[in-house]
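The chains referred to below are lettered A, B, ... by the order of the sequence lines, with proteins before strands, and numbering in each begins at 1. These numbers were taken from a predicted model, which means no experiment stands behind them.
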There are 2 protein chains.
Amino acid sequence: MEIEEMLKQKDLKITPQRMAILTVLKNTRSFLSAQELFQEVIKILPGTNFSTVYRNLDVLLGKGLLCRVPSDTADLYELRREEGHHHHAVCKGCGASIPVDFCPMESLAKELGRKGFLPTEHCFEVYGLCERCRDGKK
Amino acid sequence: MEIEEMLKQKDLKITPQRMAILTVLKNTRSFLSAQELFQEVIKILPGTNFSTVYRNLDVLLGKGLLCRVPSDTADLYELRREEGHHHHAVCKGCGASIPVDFCPMESLAKELGRKGFLPTEHCFEVYGLCERCRDGKK
DNA sequence: AATGCAAATGCAAATCAATTGCATAAGGAG
DNA sequence: CTCCTTATGCAATTGATTTGCATTTGCATT
């Protein structure tokens, strides 16, 4: 299985909980809050504890398997897919997230490097209204 | 006073608490968490309540007088200065924040517009190590 | 200067996301 | 199969942020 390999590559033990978490994330096109993720996980693996999900989100994030984006309420998580790095335009009306391939770090890394700054992470998210919500609301 | 005018322009009442909050923010070059801000505010205006600070951060943010950036622990706030919009490179070692003039939205607004997406807000923050911390740690 | 009312504040309690300590269970190398 | 390390379940805690409500205050208007 692909998921098992992901875990092995990162020296993480293969547990049913992790399998469940990654399975859910893999089957979700947009991103999920920890709560939403948890709700899906317990459908697959009833009895899974909430803190296990949280702990694993941290672990998986630390290993670079996930990415996290801040949101008004809770942080949202998403599987980091091979296609690579991207950002999102999130609709505040319906919650839809549109992938954005453009990454500002490409333009900025050099300039920051010149100043001696070594970027390790970054966050770039756009919020607004998608075409549908825009029409509907104004 | 400049601060009073900022409030008037936004149809906000001029209260000692708001004056204190804005004074602190004005005298701070980087950004502050709500807690840090509160600590400073009560030096100026003892007795100010914590929830008052929070509520005003929301209000001032809503009026566009502040900007907020997400952070590991708590959100951070900063006065939005006339010089205009900018982002930050934040050092995870010492917490220093380096202003970044480059704004990715300039390049992206058109493209998103073509897709019908109307951006209203965005978040772009870079995290990493500044020159000093970089040397010290690795 | 006095009045009225909406907006702002203080206080305390409630939420809610996220974290942690600890005893138990389970992965997987040997 | 055994051992040791890591992961999990559970319950309690932390810490940021929010909210209800009674009271006070800014300030536009008499």
> Using a heavy-atom cut-off of under 4.0 Å over every strand shown, decide if B:Thr73 touches base, sugar-phosphate, or nothing.
nothing
> Please determine if a side-chain N or O atom of A:Gln17 lies less than 4.0 Å away from the OP1 or OP2 oxygen of C:dA26.
no
> Got a second to check how far B:Arg68's CZ is from B:Phe31's CZ, nearest 0.5 Å?
13.5 Å
> Looking only at side-chain N and O atoms, does B:Gln35 come under 4.0 Å of OP1 or OP2 in D:dG15?
no
> Using atom CE of A:Met19 as one end and atom P of C:dA26 as the other, report the distance to the nearest whole Å.
17 Å
> Given C:dG10, is OP1 or OP2 found less than 4.0 Å from the side-chain N or O atoms of B:Thr52?
yes
> Looking across every strand, which nucleic acid part, if any, lies under 4.0 Å from B:Phe50 by heavy atom: base, sugar-phosphate, or nothing?
base
> Roughly how far apart are B:Leu60 CG and B:Cys67 SG, rounded to 0.5 Å?
12.0 Å
> When all nucleic acid strands are considered with a 4.0 Å heavy-atom cut-off, which category describes B:Arg18: base, sugar-phosphate, or nothing?
sugar-phosphate
> Could you check B:Ile14 against A:Asp11 and say which one's nearest nucleotide on DNA chain D is further toward the 5' end?
A:Asp11
> Figure out the CG/P separation between B:Leu37 and D:dA16, and round it to whole Å.
14 Å
> Verify the distance criterion only: is there a donor paired with an acceptor across the side chains of A:His122 and A:His85 at less than 3.5 Å?
yes
> Within less than 4.0 Å of OP1 or OP2 of D:dT8, is there a side-chain N or O belonging to A:Thr15?
yes
> Check this one for me: any side-chain N or O of A:Asn49 less than 4.0 Å away from OP1 or OP2 of D:dA7?
no
> Closest approach to the side chain of B:Tyr54, judged atom by atom: which nucleotide of D:dT18, C:dA18, D:dC10 is it?
D:dT18
> For A:Pro99, is there any backbone N or O sitting under 3.5 Å from a side-chain donor or acceptor partner on A:His88?
no
> Report yes or no: is there a donor-acceptor pair, N or O only, under 3.5 Å between the side chain of B:Lys13 and the base of D:dT25?
no
